[in-house]
Structures are given as C-alpha cells and as structure tokens.
*Asks:* 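A single structure is presented below for examination.
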Amino acid sequence: RSPAPTGALSHETLLSAVAWSWGQLHPDEQAAFAISSVFHGGFSREAAVAVVGPAVADDTGMYVMEVLNSLQQRSLIQAYEPGDNPGTVRYRVVRVAQGFARERLIDRNDGALAMKRHADFLLAFAERKGPECFLAGGLERLRDLRLELPNLNAIQHRALRVQPPTIRSATRALSSALSLEPIAILRSRYDEHAKLLDKALAASERLHVDPALLARALLARVRASLALGGTRDDERMVDAATVLAEVDGDVRLLGQVESARGRHMMKRRKLNEARKHFQRAVKLLQATNSPLHLGLAYVGLGETNQINQRLE
C-alpha cells in the first residue's frame, strides 16, 4: 500500500493534536473554544463578552478573557492585529482547529443560542456603526465595520439556508444585507449589495416581516439600482416602500421614500419634480438622526439645482 502524502499525514496529526487538547480542556474552556468558532474573520473583545461570555456564566467580561488567554496558551485561539487596523486586537480560532471547533459547536445544546447571540451582537454593532461612517471620523468607523464583513455575510448565509424561510430567518437576511449598505456606498459595491438584497427580499416573500424593515430593504435596493443605472422595477419598488412606510408612519422612512422618488425622477429627466421630492425629503429627514439619508437628499437637491442652472 502506498503511503499517504506527507501533507495529509501532517494535517491528520494536527487534528489529532487538537482532539487531544480538547480532551484536556476545562468545560468552560471547551465551551469558549466551540462557541468562538461561530465567528468568521475573527472577533473583538466586546464580541467575545457578548457571545461567548454567557456560555461560561460571565457577565463582567473578566473571566471570559481569562478563558480565551488560556486557549491562546494552548495554541487553540490566536490574538492578532488586522493589517489595516493597527492597534486593534482581535481573536480567532486557529485555522487547523476551525472545523473541529464548529463540529463541537453543532453538538452543543446551546449552539443555536450562540448563533443567535452572534447575530444579535453583530447586527446591533452594524446598526450603530453604519450611520457613524458618514460623520466626522467616518473612515475609522468604516474600517471597524469592514472588519465584521465576514461575520455579517455569515449571518446572511446562515439565514438564507433556512428552508422554507421563516419570519426570523427572513428578518435576519434583510437586516444583515442592510447592515452592509455603508460599505456598498463608500466603496461603490452596488452590484454585490443589490444581489444580497435580492436574496433577502426573495426570502421575505409572503411572510409577515416588519413593514419598516421591508421598506428599508426595498429603498436600499432602489438606491443600488439607481447607482447602477436604474431598472424598470425601481418605480414599483418605491411604490411598495411608500405603502409600507405610510403604514408604519416612520418619518425617516417617508423621507427616504421622497429621496428615492427624487432620484428616480432625475433618471427620467424630470428635474422640477425631482427637486420637489428632494425638498420634501430634506424637510422630513432634518427632524431625524439620519446623517446618511439626509446627506443623500441634500446631494440630490444640489445636483438638480446645478443642472437647472446649467440649462438656464
């Protein structure tokens, strides 16, 4: 019989070492190691406290970091500084142990709860950081958000794997797609973002998801479409978002609807109508804490005024 390739033997040997190390771990270390595998692309100290902490009965964040330090000493967890975020310390399960750790996560009774905590923490983080990307110091906030891109993508992929879709999985898919809009806008990744939104919207069909969330997703899809040149579906999506926004009564959503209509009218070269929509959008959004959408409305209004001045 021919010997196995050296690389394969080496990998098997490393996996055997991981399995042996697992057997030597304290139950809290086993819990922390398995649950750390829920992260993709690494995780911060704050994420560890929120997602791993409850599994080791730690409300302060002190003990969970002691456990992670112990796992570092056993070469199961690695601390590192991202190349584009010097000074930022993140953690990850070492590459050779990731598959093993994820198998242990699936075997755990609280694995589903860990995945829920992972999604809850990262989506709340993105909801907070997203608007800050458009304020002073926004570049730093954008870097923070980009670090979590693999985690946010993983949340959506996990949600989309649920078949048939449920209200919870569709909500997760929509929320994770929306969380990536600042990156799409500031890095001009509209095509990728449009595809993510399409998948999330398809998963939401015929489900009673939050009307405001669905309206936000439709408007984000329209913004991506218009940035790519526009499609025939834009007006239909704006109309649907309008109905949902009116049902919800959210002033911020109504302002976004007006801004989207203004942009759509610009594409159709109806500048006077576009300007009126942008003016209404600015008036509505000035009363909200929404720097991104207020900024987009001002940009649209400025563009219509410039075009009109050139035509005069």
Side-chain angles (χ1 to χ4, degrees), residues 130 153 156 159-160 164-165 170-171 173-250 252-282 284-285 290 292-308 310-311:
N153 280 330
Q156 190 185 53
L160 292 173
T171 298
L174 290 168
S175 298
S176 55
L178 281 168
S179 72
L180 300 174
E181 188 174 23
I183 296 175
I185 291 173
L186 295 172
R187 289 290 180 265
S188 298
R189 295 181 177 176
Y190 294 106
D191 188 51
E192 296 173 30
H193 194 226
K195 291 175 182 176
L196 292 177
L197 287 164
D198 284 342
K199 292 176 182 178
L201 288 167
S204 305
E205 287 184 4
R206 294 182 292 278
L207 292 175
H208 297 295
V209 299
D210 179 9
L213 181 64
L214 187 55
R216 287 174 58 201
L218 286 167
L219 290 168
R221 183 61 181 86
V222 170
R223 285 190 289 271
S225 174
L226 291 172
L228 294 168
T231 70
R232 295 178 180 178
D233 288 333
D234 294 342
E235 189 168 9
R236 176 186 60 79
M237 288 190 286
V238 173
D239 288 342
T242 301
V243 173
L244 293 167
E246 289 174 347
V247 168
D248 188 74
D250 188 323
R252 186 182 313 183
L253 275 177
L254 293 170
Q256 291 180 47
V257 165
E258 291 294 342
S259 189
R261 287 200 181 280
R263 187 60 64 179
H264 181 62
M265 289 296 109
M266 281 189 69
K267 289 290 182 182
R268 295 174 62 184
R269 302 186 183 281
K270 296 184 176 181
L271 298 180
N272 288 332
E273 291 184 41
R275 186 169 63 254
K276 291 176 183 178
H277 285 298
F278 285 128
Q279 287 172 338
R280 285 196 287 267
V282 167
L284 288 166
L285 292 168
S290 184
L292 165 60
H293 300 296
L294 179 59
L296 291 174
Y298 270 125
V299 168
L301 184 58
E303 288 176 354
T304 57
N305 288 336
Q306 288 176 1
I307 295 171
N308 276 329
R310 287 201 299 268
L311 292 175

*Asks:* How close do G255 and A281 get, heavy atom to heavy atom, and via which atoms?
*Replies:* O-CB, 3.4 Å
*Asks:* Under the criterion salt bridge (Lys or Arg N to Asp or Glu O under 4.0 Å), I'd like the reasoning laid out for E235 against K267: C-alpha separation, chi angles, the key distance, then a yes or no.
*Replies:* CA-CA 11 Å; E235 189 168 9; K267 289 290 182 182; over 6 Å; no
*Asks:* Do V222 and L226 have side chains that approach each other closer than 4.5 Å (heavy atoms only, starting at C-beta)?
*Replies:* yes
*Asks:* Measure from the side-chain N and O atoms of S259 to the backbone N and O of Q256, and report whether any donor-acceptor pair falls under 3.5 Å.
*Replies:* no
*Asks:* Starting at CG of L285, measure out to CZ of F278 and round the result to the nearest 0.5 Å.
*Replies:* 11.5 Å
*Asks:* Indicate yes or no for a side-chain donor-acceptor contact from D234 to the backbone of T231 under 3.5 Å, with no hydrogens or angles considered.
*Replies:* yes
*Asks:* What are the two closest non-hydrogen atoms of M266 and A274, and how far apart are they?
*Replies:* CG-CB, 3.6 Å
*Asks:* Show every side chain to side chain donor-acceptor pair (under 3.5 Å) that has at least one partner inside residues 197-209, sequence neighbours left out.
*Replies:* D198-R221
*Asks:* Which distance, rounded to the nearest 0.5 Å, do you find between the CG of N153 and the CG of L196?
*Replies:* 6.0 Å
*Asks:* First locate atom CG of L284, then atom NE2 of H293, and finally report the distance between them rounded to the nearest 0.5 Å.
*Replies:* 13.0 Å
*Asks:* Is there side-chain contact between L174 and L197, with heavy atoms separated by less than 4.5 Å?
*Replies:* no
*Asks:* Residues two or more places apart in sequence or in another chain: which of them pass salt bridge (Lys or Arg N to Asp or Glu O under 4.0 Å) with K195?
*Replies:* D191
*Asks:* Which of these passes side chain to side chain donor-acceptor pair (under 3.5 Å) with H277: Q279, E273, R280, R275?
*Replies:* R280
*Asks:* Give the intermediate values and the outcome of salt bridge (Lys or Arg N to Asp or Glu O under 4.0 Å) for residues K276 and E258.
*Replies:* CA-CA 9 Å; K276 291 176 183 178; E258 291 294 342; over 6 Å; no
*Asks:* Distance from D248 atom CG to L254 atom CG, nearest 0.5 Å?
*Replies:* 8.5 Å
*Asks:* Out of curiosity, L178 CG to L219 CG, how far, rounded to the nearest 0.5 Å?
*Replies:* 9.5 Å
*Asks:* How long is the gap from CG on L214 to CG on L201, to the nearest 0.5 Å?
*Replies:* 6.5 Å
*Asks:* May I ask you to test the L244-L218 pair for a side-chain heavy-atom distance under 4.5 Å?
*Replies:* yes
*Asks:* Only counting residues at least two apart or in another chain, list the ones meeting salt bridge (Lys or Arg N to Asp or Glu O under 4.0 Å) with R252.
*Replies:* none
*Asks:* Quick one, T171 with L213, criterion side-chain contact (heavy atoms from CB on, under 4.5 Å). Give me CA distance, side-chain angles, the key distance, then yes/no.
*Replies:* CA-CA 8 Å; T171 298; L213 181 64; 3.6 Å; yes
*Asks:* Check side chain to side chain donor-acceptor pair (under 3.5 Å) between D239 and all other residues, then give those that pass, not counting sequence neighbours.
*Replies:* R261
*Asks:* Does E303 have any side chain to side chain donor-acceptor pair (under 3.5 Å) partners at least two apart in sequence or in another chain, and if so, which?
*Replies:* R263
*Asks:* Please list, chain by chain and in numerical order, all residues satisfying salt bridge (Lys or Arg N to Asp or Glu O under 4.0 Å) with D233, sequence neighbours excluded.
*Replies:* R236
